[in-house]
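Take a look at the structure set out below.
Letters go in sequence order (proteins before strands), and every chain restarts at 1. Predicted model only: the values in this text are computed from it and were never measured.
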Amino acid sequence: MREITYAEAINEAMSEEMRRDENVIFLGEDIGVYGGAFGVSRGMLEEFGEERVLDTPITELAIVGAAAGAAMTGLRPVAELMFSDFITFAMDPLVNQAAKTRFQFGGQASVPMVLRAPGGSGTGAAEQHSQSLEAWVCHVPGLKVVIPSTPYDAKGLLKTAIRDNNPVVFLEQKLLYRTRGEVPEPGNDYTIPLGVADIKKEGNDLTIITYGRMVQRSLEVAENFESEAVDIEVIDIRSLVPLDKECLIRSAKKTGKVVIVHEACRTGGYGGELSSVIVDSEAFFYLDAPVKRVAGLDVPIPYNPGLEAQVVPTVDSISTAVRELL
Amino acid sequence: MREITYAEAINEAMSEEMRRDENVIFLGEDIGVYGGAFGVSRGMLEEFGEERVLDTPITELAIVGAAAGAAMTGLRPVAELMFSDFITFAMDPLVNQAAKTRFQFGGQASVPMVLRAPGGSGTGAAEQHSQSLEAWVCHVPGLKVVIPSTPYDAKGLLKTAIRDNNPVVFLEQKLLYRTRGEVPEPGNDYTIPLGVADIKKEGNDLTIITYGRMVQRSLEVAENFESEAVDIEVIDIRSLVPLDKECLIRSAKKTGKVVIVHEACRTGGYGGELSSVIVDSEAFFYLDAPVKRVAGLDVPIPYNPGLEAQVVPTVDSISTAVRELL
Amino acid sequence: MKISREKHLDMYLKMVQTRKFEEKAAKLFVQGKVHGTAHFCIGEEATGIGVCSALENEDYILQTHRGHNQGIGKNMDINRMMAEFLGKETGYCKGKGGCMHIADFSKGSLGANGIVGGGIPLAVGAALSQKYKKKDNITVGFFGDGAANEGSFHEALNLASVWKLPVLFVCTNNYYAMSTHVNKSMNIDDISIRAESYGMKGLAIDGNDVIKVYEETIKAKKYVKEHGPMLLVLNTYRWMGHSKSDAQVYRTKDEVNEWKLKCPVKRYNKYLLKEGIASADELAALDSKAAQDIENAVEYAENSPEPQIDNILDDVYAD
Amino acid sequence: MKISREKHLDMYLKMVQTRKFEEKAAKLFVQGKVHGTAHFCIGEEATGIGVCSALENEDYILQTHRGHNQGIGKNMDINRMMAEFLGKETGYCKGKGGCMHIADFSKGSLGANGIVGGGIPLAVGAALSQKYKKKDNITVGFFGDGAANEGSFHEALNLASVWKLPVLFVCTNNYYAMSTHVNKSMNIDDISIRAESYGMKGLAIDGNDVIKVYEETIKAKKYVKEHGPMLLVLNTYRWMGHSKSDAQVYRTKDEVNEWKLKCPVKRYNKYLLKEGIASADELAALDSKAAQDIENAVEYAENSPEPQIDNILDDVYAD
Ligand SMILES: Cc1ncc(C[n+]2csc(CCOP(=O)(O)OP(=O)(O)O)c2C)c(N)n1
Ligand SMILES: Cc1ncc(C[n+]2csc(CCOP(=O)(O)OP(=O)(O)O)c2C)c(N)n1
Ligand SMILES: [Mg+2]
Ligand SMILES: [Mg+2]
């Protein structure tokens, strides 16, 4: 199969959906002639024109608010925030409007929009451009939340998100944009359902549950442990809300040992939810060891590259946690 | 001891701190002549004048931003949001500015401010005025987070929060404002340290970990179970960040059974964190049963009073969870 | 501008309906039949009725928390409004939204908002849909004087202007945001000048003159379709407290009484009589009809079932 | 307005230092010695230098992401700035902040901001402190043309105006926000008219004329202390790309070159010569000094230790 980058996969998903459905529009800052801060939308203005690829002023609140208003009235907007950190300006239209519209109006409306935003550290962009804020949006009924870890998943999940009739927060991973992976030819219209985890590697001795950029790192750890004849299962949850609870519970029952890995800082991170889903289920009775979380330190992301690399889970720190459970 | 209301206790804490330290100022919407939407600040304008009790326009972002800027430059502002739901407009100054200022500037500054805001359902105020959003702010390094459950705690914790040199989010409980409790006479300058949980009732058979409005409800459940000779320990964590982990772990080790109760909706709620803190500790080896969460349903808070009362934990639903573990 | 007799009588009826709806709603509170709170627009009826009477069904409105006049102006069903107010299953939101979240998408009301300034950016999006789909319609975004100080106001007006969208931003200036007089929330006398920051046309008019409001909205509708957004400020006054519990210490009884003399309903009534558009009997009949409509609505609402918890998850997500 | 020779030479030196600092920083990028990104203000030196040269040490500034001129104008230590740029322990933020977060509280710089518009409300708070403590000082809140479209701009200016705080809001209008020309982000030609929405004085001037910037800031400082906030717009131009990676397809080389002809540093150099304030030799000496200062700063930075992970928790919370 051909290989394309994560960024290209996202571009293809948007472009194909825009070709398929003229109600899909795309708005955000510098997405047009600039092609987006990470080059994700290169070529889209040229293909779809200014009516469908809408450059905005710097106005995150209005971007998300306008997307929500457009979604309630028949369009299917994809809105981009340049960095997910800027969601701080857009929480009201996202949380108090888009997420609640359907429920509070008794089902009269639907809000089929996607909010795309890149998260994560590793680019030297420091405190205000490196956060992993998925836990916030996972805690908002009415929203769905997706974080893809491969080009294949990014494309398939984004297409599903665009076709979903609810507001979907689609959190991309800055550091994955340039990574390559196999993706079917453009004509092949595949989608990946939300709410289905992906077992990236099967194993019997221990389960690593993770998502986003940490999937690759966890797979590395799993490979390293093969030499010690430790057989690790690596689950990429992909869709944080809805969550494939059965998959997690099944795996925990099988291996009896669980390590949860995410880049976001530990306290209040989604790892707590994942841990609790397992521990508050029948899997509890199969557990042989504490459910460990390996997460970012409870610090803002620092600028210095040496520090930056050490405040998030590393192959070393994940390995240490795994070893503690063996 | 005299009894005063939760609202009066908060008023006293602010007023006493303002008398003690002229750097303490107070700003927010309709806090002056109106006395605050819930009457918390009645009389404060009269005592402290317009220079220290600052009514603002409807401008949550600027309220929190101005508080942060004032805090960096020598004042100790207490800012009020009329409902905690409006924090959606103020996430940037809170999260990207106040919480990160000290760290990102290498320790040059401190930001001693308190952001007060009432949360919770039960008043018929519906989706956009009833949320419990503490999980968001608990996930932000640099912030501290407090939720008091009694007038005594409210006063003692707020005084500590005002004297703290960091941004503290102080989440009050709408439904507790009118509840009464014992509080020492005004002259008695007591404070309660952050990071220390309060065991509201000791017990040996099962631990309920909770906070805020659910403390009273959990105590009710504990009392009911006394007749069945089930001895429940009820822990009010009070300070969510920093968290008194030892207290939780100690209790879990003692009872071997844990139920976590909060009003906020389950998915992504702080209950996951609390559960994980226990399960990822040596307490795991003492657990006799799954760590259960009893939380709000994953729905926005509806208007109808019947529905509203049923989407958050009730004495019944907590009791059921307890019973499942016995 | 020629306004048909029919239109006049329709507007008059709706103004009276709004007045009676809220008087009744206030009573239901006192009787303890409603929990929660409500924000009444008594004294401001001409704003929502005047504006919405100039709109088509396919024009959208984003309502405020003080929007019964806006909803009734947009032809919402009073029975379902009252049922929602009482939290019933037959209400517009199946009892889930209450009066702060009344909506009727079939009539072009995209909903009332409990977040001050929350609806303004949504209006931009709705107008974007209309422009994109080349509809000959506009969106009206209602908000108050207080909301004009939120960042959402600024961002929404600017974006709508840059994109030349068919939005009419309508600011109901009742001079207060809760206890805060506009003099204390902004350093300008005329809110409509804020339009200039966006290269936008702004206009402030007497919001108690329903005919003026109606006529200026008709003109604005045309303007907005041709040139893009406009800001229309309607100066009016709220007679009642901000919400259920408001001791109103921030204003004098005299001030309130002065504005009561400018009652938009009485004023319209007089005008219709003076111009010979309707007779005293006809108007009295409309008054009675309005009162009866509200009684019927209450009966409808009270006889409606409570929503059940069983299907509480139904509307969290769309399929 | 009489400007002392000393002040002139100081401003000139700082403008050259800023230019050389950034030219060097750009090279360090190319050499792979820095990770992350940076936003250069080459071409805009007169704005930050002119404004800050009119301030006292106790006056506060809130800087932008494109603020090396602002920091140098406020007498920040170039060594520590460079060390921060290289992420070193001796940097202003101990390597934790990088060039988007440079700050020197001892010099009145409350920090650069990576959030567009993020600093504007902070400026309001800093000025609130000054007014409350009855200090005879002001706060300058810097931001760009793009930031003027954020809700934070609106809320901050309005609140400062209502409270009559001693803030000077300074908009560095370089006509672009990343790829977006002001024509596409707002429907007005003169950003300073936005002040009117807040009953505030506004003024737009040539931001490449350091003397004009300095003089108007002196006047504004006086005005702001007496009357409350003011909005000063400095029209200028960014020569380099928005940040490290910018193909600049959104503008023509011709446009850039035209602005290069208006170089604020050269212009000032010529002026100083023409007015006989400094000789060619004296200016050349300042040029050399600036270059040497930067070389020294790089050496200082390169010889400084990397921060260690051990005390990473140190500055998350204050005691
Ligand atoms: C974001 C937000 N802030 C504050 C409130 C509380 N609140 C509700 S209505 C209101 C006053 C609104 O004033 P205005 O916009 O003038 O409308 P009016 O009530 O006068 O119709 C306030 C402060 C809110 N609901 N939302
Ligand atoms: C809230 C926010 N939105 C977007 C960005 C990304 N961004 C960084 S600088 C910039 C352009 C800013 O334009 P302007 O305010 O004119 O300042 P300039 O860069 O021209 O100096 C953008 C969009 C950001 N950092 N913060
Ligand atoms: Mg008002
Ligand atoms: Mg610019």
Next on the checklist: Between A:F285 and chain B, with a heavy-atom cut-off of 4.5 Å, which part of the residue counts as in contact: side chain, backbone, both or neither?
Outcome noted: side chain

Checklist entry - Can you find a pair of side-chain heavy atoms, one from A:P300 and one from B:Q104, that are under 4.5 Å apart? => result no

Next on the checklist: Whether the side chain of B:E273 engages the backbone of A:G272 through a donor-acceptor N/O pair (distance < 3.5 Å, no angle test) should be reported.
Outcome noted: no

Next on the checklist: What part of B:V95 gets within 4.5 angstrom of chain A, counting heavy atoms only: side chain, backbone, both, or neither?
Outcome noted: side chain

Checklist entry - At a heavy-atom separation under 4.5 Å, does A:V279 approach chain B through its side chain, its backbone, both, or neither? => result both

Checklist entry - Is any residue of residues 119-131 of chain A within less than 4.5 Å of chain B by heavy atoms, and which ones? => result A:E127, A:Q128, A:Q131

Checklist entry - Just wondering, are more than 12 heavy atoms of other shown residues or ligands nearer than 6.0 Å to NZ in B:K245? => result no

Next on the checklist: Counting heavy-atom pairs under 4.5 Å with chain A, which one of B:N96, B:D298, B:L133 comes out on top?
Outcome noted: B:N96

Checklist entry - Going from OG on A:S275 to CG on B:L274, what distance comes out if it is rounded to the nearest 0.5 angstrom? => result 11.0 Å

Next on the checklist: side chain to side chain contact (heavy atoms under 4.5 Å, CB included) for A:H139 and B:E134? Distances and angles first, verdict last.
Outcome noted: CA-CA 10 Å; A:H139 190 45; B:E134 61 273 9; 5.9 Å; no

Item to check | Proximal component of A:S132, with respect to chain B [non-hydrogen, under 4.5 Å] | outcome: backbone

Checklist outcome for this item: Heavy-atom nearest pair, A:F103 first then B:I301, reads CE2-C, 4.5 Å

Checklist entry - Does any non-hydrogen side-chain atom of B:Y270 lie less than 4.5 Å from one of A:T267? => result yes

Checklist entry - With a 4.5 Å limit on heavy-atom distance, are the side chains of B:L287 and A:F284 in contact? => result yes

Checklist entry - Is the shortest heavy-atom distance from the side chain of A:M91 to the side chain of B:W136 under 4.5 Å? => result yes

Next on the checklist: Quick check for you: to the nearest 0.5 Å, what is the distance between B:S276 atom OG and A:I278 atom CD1?
Outcome noted: 10.0 Å

Checklist entry - Where on B:T88 is there a heavy atom nearer than 4.5 Å to chain A: the side chain, the backbone, both, or neither? => result both

Checklist entry - Looking at A:A135, A:P302, A:G269, which has the largest count of heavy-atom pairs under 4.5 Å with chain B? => result A:G269

Checklist entry - Do the charged groups of B:K292 and A:D280 touch, with an N to O distance under 4.0 Å? => result yes

Item to check | chain B contact via A:D288 - side chain, backbone, both or neither, heavy atoms under 4.5 Å | outcome: backbone

Checklist entry - Does the side chain of A:F86 reach to within under 4.5 Å of the side chain of B:D92, using non-hydrogen atoms? => result no

Item to check | Non-hydrogen side-chain atoms of A:V277 and B:R293 separated by less than 4.5 Å | outcome: yes

